[in-house]
Undergrad: 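My questions will all concern the structure given below.
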Amino acid sequence: MDVIIKIDRVTKRFGGLVALNKVSFNIYKGEILGVIGPNGAGKTTLFNCITGVYSPDDGRIYFNGVDITGMPPHKITQLGIVKTHQIVKPFNEFTVLENAMIGALFGKRAGKISKEEAREIALKNLKLVGLAEKKDELAIGLTLHEKKFLELARVLSAEPDVILLDEALAGLNPKEVEESLDIIKMINKDLGKTIVMVEHVMHAVMNIAERIVVLHFGQLLAEGTPKEVAEMPEVITAYLGDKDLALKFVRR
Amino acid sequence: MTLMTELLINVTNGLLWGTVLGAVSVGLTLIWGVMKVVNLAHGESILLGSYIVSVLLLFMGVDPMVGMFVALGSGLLLGLTIYWLNLHKIIGHVDVINLRIEMSTLLEMFAVSIILYNLYSFFTRSEPFGIGIWHLGPTSYINIGYMSVQVNHITAAALSLGATFIIYQFIAKTPTGKAIRAVMQDSQAAALVGIDPVKIKMLTTVISIGFTAFSGFLVILYESAVVPSIAYKYAPLAFTIVVLGGLGSIMGSYIAGIIIGGIYGVSKVIFSLLVGKNASDPLALTTAFVILVLTLLFKPEGLFGRKR
Amino acid sequence: MVNVKEYLERPTFVLIILVLVAIALAKLLRLETTDYLITIMFFIGIAMSLNLIMGFAGYVSFGHTVFLGISGYIFALIVYYNVWLAEMLDTLFGIPIFLVAIVAGGVSALVAFLVGVPVLKLRGAFFAIATIGLDFAALYIVKAFIPIINPEFFGAQIILPAYALAYKNNVFVAMYITFALVLITNYVVRRSRFGMGLLAISEDEDAAEALGVPTRKYKLLAFALSAFFTGMLGAIFGLNAGGVDENLFNLAHTIDMIVMIVIGGIGTVMGPLVGSIIYFILYDTLLVTYPEFNLVILGSIVAVLVLFAPRGIIGIIRGKTIRGKRLRDIIE
């Protein structure tokens with residue numbers, strides 16, 4: 001398998017707090033990778049380092065062999081890595097279609113794409129997530145669940161290679177979670193996008209991810225298939241504080 | 001006059017003026033710190049007090065030492081009106097004040113400032129008002145060492161210190177004050193422990209504008225002629241001081257006011273040596289705004305504020 | 001081949017053309033004095049210039065008058081010494097005023113760019129306050145140094161020599177061209193990718209950056225463009241007045257600009273344009289005798305709009321549908 005993103009000893013500190021401590025791992029092309037860990041483990045910080053929101057204090061990040069450490073976020077987006085936000089951030093006064101069009105206009109083909117093309121790409125992705133009928137409504141009027149899908153359509157319109165999903169399932173009911181998982185699988189299988197997801201909905205991530213990375217207090221605790229990871233003693237120890245979760249791990 | 005004497009006189013005068021600047025900024029730091037309301041009508045709130053005191057003295061012969069309480073009272077009323085008319089609909093029931101809401105209240109207070117400013121111009125026909133030769137005690141000047149200081153300036157400094165001490169104690173010690181501080185730190189959490197945020201926001205507005213109107217009296221102890229454009233002199237300085245002192249910090253603002261006053265005094269001497277006397281005053285004021293921009297860029301939480 | 005019909009179906013475009021034609025006709029048929037027309041173009045022009053950064057990107061530049069001042073003074077100094085030199089050498093240095101105005105506007109754009117690099121990192125109220133600080137800093141510097149340059153500039157006032165007023169005939173034309181440029185720039189920007197990026201910034205800057213919008217570059221560009229046009233208008237306005245003084249820095253001009261934008265509605269071209277037309281109608285019809293009272297009424301309108309229709313008059317209209325056609329789609 002080809003490495004698409006290589007994370008090499010990345011360290012990020014906030015004042016005295018070490019949010020990430022020499023974290024290294026690879027993300028492979030075409031896979032679904034789950035990143036798990038308790039609150040404060042550094043998952044969101046890791047995403048923010050990859051997408052350029054934070055610049056790591058130490059270590060490098062490579063994308064397709066290109067060093068992207070410290071690049072501004074919009075450059076990284078245009079290279080082909082996008083992120084959905086944990087707290088959705090639609091452009092409220094834009095219509096659903098305009099929201100998605102921004103993704104296309106400033107995405108991987110930024111500057112090389114006409115407004116008409118952008119509109120078509122946006123429509124295509126809105127159809128994919130099932131929001132095509134609401135394309136002319138203002139984003140502010142959507143439900144949380146629809147806003148999450150809009151966010152997905154928006155980043156898809158940027159035509160990325162890698163999509164980072166930051167708790168895309170949080171706050172959704174079980175039915176909506178299932179719907180979302182189907183779409184994520186489809187994006188991965190049919191569109192060939194690499195997907196990295198930070199997730200708290202544990203059964204979902206164990207179910208969908210091909211590989212799992214476990215972060216704990218800013219350090220890489222474990223890496224492997226869901227089954228392997230669930231059976232690792234250090235993972236179970238780390239999660240012992242959360243008994244249900246540990247049990248769920250072991251049962252698998 | 002030697003350079004040292006000149007420096008001493010200018011710094012003393014600057015520091016004395018600084019106490020007034022400090023008091024002028026206290027109301028602003030409260031409303032900005034607690035509710036993120038950038039009160040662009042701050043200058044006009046100052047003017048209210050200045051006008052009330054002068055009008056009472058000129059037309060009814062009311063002593064300014066009494067008039068200042070009327071100024072305070074009218075400021076409280078103005079605050080009440082502004083809260084219910086202009087602010088409540090935007091922030092009354094909002095827990096987290098985001099950028100959009102912040103800009104809404106800013107524009108709303110901007111509208112209030114247009115209204116008040118032009119009402120003053122309309123009713124005074126832009127004629128200057130003031131307290132003329134009024135001063136406390138028998139003489140208008142007293143000699144301290146080899147410099148003479150206006151009695152009015154000393155009165156202003158003493159009153160500003162006293163008033164700021166009182167409001168500081170109020171915020172620090174009384175239940176209402178503690179509730180205000182709680183809302184400043186976390187309005188959601190404050191609501192959870194049973195503090196009514198609407199009541200606190202209203203009280204903050206009332207206290208802020210009331211105190212500001214009171215400080216308008218201190219301003220006329222310096223400005224011989226009250227015209228609406230005084231708002232443009234004091235309000236920007238107040239913004240500078242609040243940013244420098246740290247949003248929401250009463251003591252921070254007061255100290256920052258004195259610092260700005262002192263810097264004004266020192267830079268006045270320096271600039272008069274460099275470019276001559278006429279240019280020194282405007283350039284000394286420029287220093288304040290350079291400090292403002294630098295603080296915003298490099299230490300946005302101010303000298304005494306909490307990190308945002 | 002330009003499809004004329006398509007353009008005629010764009011109300012904003014039609015309105016821009018109407019405004020330009022109306023002013024040209026008023027001038028040719030002498031319906032209004034030239035001074036009045038120049039004043040109208042100046043005020044609508046500066047509002048539309050500010051619209052580029054405030055209306056589109058959401059950055060309320062309260063001290064925007066700083067650019068009127070900077071360019072006004074640069075322009076006055078160039079013209080003053082140009083005329084002085086010309087008189088000295090007894091020749092005519094016929095530098096077209098339009099060119100001088102472009103240079104003066106360019107200086108403002110440059111200042112905006114340099115200042116913008118740090119200041120545009122500030123958000124919301126802090127940006128607004130910082131620009132007020134800049135305006136005052138520049139004002140006091142001008143007050144201090146202009147009289148030092150030449151004793152004739154007493155009270156920081158530069159009165160252009162009578163000789164310069166020979167140029168005054170061209171003022172209308174220069175103002176007209178600049179005004180048209182401002183309107184057209186607004187229209188083009190609003191329809192462009194750049195414009196969409198700016199609107200995205202005003203909605204949520206972090207989200208815009210994450211979606212690939214080069215936020216820093218766009219903000220700087222919009223700020224500099226806005227400063228450029230504001231500066232050009234200030235320069236030409238100064239020439240029309242026969243000189244410049246510190247009043248150019250007066251925040252009262254900012255009040256005019258912001259009132260026009262808020263009344264009409266932010267985020268569009270139509271909004272500020274309609275807002276400024278309403279502003280002038282109110283100004284002329286309501287109370288010519290008491291300008292203060294006029295502003296009290298305007299201030300009240302702004303206060304009510306911010307509370308009940310934060311997107312202004314055009315914002316209300318844009319939400320409507322007429323004969324199945326959503327106005328939002330055609331009002332730009």
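Bear in mind the structure is a predicted one, so any value in this text is a computation, not a measurement. In what follows, chains are A, B, ... by sequence order, proteins preceding strands, each numbered from 1.
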Undergrad: Can you check side-chain contact (heavy atoms from CB on, under 4.5 Å) on Val275(B) and Phe145(C), steps first, answer last?
TA: CA-CA 8 Å; Val275(B) 291; Phe145(C) 283 112; 3.8 Å; yes
Undergrad: By the definition side-chain contact (heavy atoms from CB on, under 4.5 Å), identify the one residue from Ile115(B), Val112(B), Ile114(B) that meets it with Ser300(C).
TA: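 Output: one option passes, namely Ile115(B).
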Undergrad: Looking only at heavy atoms and a cut-off of under 4.5 Å, which of Ser104(B), Ser229(B), Ala111(B), Ser113(B) has the most pairs with chain C?
TA: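 Heavy-atom pair counts peak at Ala111(B).
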Undergrad: Return the option, out of Thr240(B), Leu116(B), Leu106(B), with the maximum number of heavy-atom pairs under 4.5 Å with chain C.
TA: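 Ranked by heavy-atom pairs under 4.5 Å with chain C, first place is Leu106(B).
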Undergrad: Give a yes or no answer on whether the side chain of Lys143(C) reaches the backbone of Pro282(B) with a donor-acceptor pair at less than 3.5 Å.
TA: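 Such a contact is absent between Lys143(C) side chain and Pro282(B) backbone.
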Undergrad: Quick check for you: among Ile255(C), Leu305(C), Ile132(C), which has the greatest number of heavy-atom pairs under 4.5 Å with chain B?
TA: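 Most heavy-atom pairs within the cutoff with chain B belong to Ile255(C).
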Undergrad: Run the side-chain contact (heavy atoms from CB on, under 4.5 Å) test on Val302(C) and Leu107(B) for me, step by step, so that the C-alpha distance in whole Å, both residues' side-chain angles and the decisive distance to 0.1 Å come before the verdict.
TA: CA-CA 8 Å; Val302(C) 172; Leu107(B) 284 176; 5.7 Å; no
Undergrad: For the NZ atom on Lys89(B), are there more than 12 heavy atoms of other groups (residues, nucleotides or ligands in this structure) within a distance under 6.0 Å?
TA: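 Yes, NZ of Lys89(B) has more than 12 neighbouring heavy atoms, counting only those of other groups under 6.0 Å.
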Undergrad: Does a sphere of radius 6.0 Å around CZ in Phe113(C) hold more than 12 heavy atoms from other residues, nucleotides or ligands, not counting ones at 6.0 Å or beyond?
TA: no
Undergrad: What's the separation between atom OH in Tyr140(C) and atom CG in Leu283(B), rounded to the nearest 0.5 Å?
TA: 11.0 Å
Undergrad: Out of Ile129(C), Leu122(C), Val119(C), which one racks up the most heavy-atom pairs below 4.5 Å with chain B?
TA: Ile129(C)
Undergrad: Name the region of Asp135(C), side chain, backbone, both or neither, that has any atom closer than 4.5 Å to a heavy atom of chain B.
TA: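 For Asp135(C), neither part sits under 4.5 Å from chain B.
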Undergrad: Which of the residues Ile258(C), Asp204(C), Val115(C) is involved in the greatest number of heavy-atom pairs with chain B at under 4.5 angstrom?
TA: Ile258(C)
Undergrad: Test ring-ring contact (aromatic ring centres under 6.0 Å, His included) on Phe110(B) and Phe62(C); report intermediate values, then the result.
TA: CA-CA 10 Å; Phe110(B) 169 68; Phe62(C) 251 94; 5.1 Å; yes
Undergrad: Does any part of the side chain of Val296(C), heavy atoms only, come nearer than 4.5 Å to the side chain of Tyr117(B), both counted from C-beta?
TA: no
Undergrad: Would you mind checking which part of Leu99(B) comes under 4.5 Å of any heavy atom in chain C, side chain (CB onward), backbone (N, CA, C, O), both or neither?
TA: side chain
Undergrad: For the pair Arg100(B) and Glu203(C), find out whether any cationic side-chain nitrogen is under 4.0 Å from an anionic carboxylate oxygen.
TA: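 Salt bridge: yes.
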Undergrad: Name the member of Ala303(C), Ser202(C), Ala130(C), Ala138(C) that forms the most heavy-atom pairs with chain B at distances under 4.5 Å.
TA: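 With the most close heavy-atom pairs to chain B, the winner is Ala303(C).
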Undergrad: Which atoms of Pro118(C) are under 4.5 Å from chain B, going by heavy atoms: the side chain, the backbone, both sets, or neither?
TA: both
Undergrad: Determine the option with the most heavy-atom pairs under 4.5 angstrom with chain C, choosing from Met109(B), Met103(B), Glu108(B).
TA: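 Counting heavy-atom pairs under 4.5 Å, the top option is Glu108(B).
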Undergrad: With side chains defined as the heavy atoms from C-beta onward, is the minimum distance between Phe126(C) and Leu247(B) less than 4.5 Å?
TA: yes
Undergrad: Measure the CG-CG distance between Leu85(B) and Leu307(C) for me, rounded to the nearest 0.5 Å.
TA: 8.0 Å
Undergrad: Based on non-hydrogen pairs under 4.5 Å, which of Ala128(C), Gly299(C), Pro147(C) is most in contact with chain B?
TA: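 Max contact count across the listed options: Gly299(C).
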Undergrad: Can you tell which part of Leu87(B) gets under 4.5 Å to a heavy atom of chain C, answering side chain, backbone, both or neither?
TA: neither
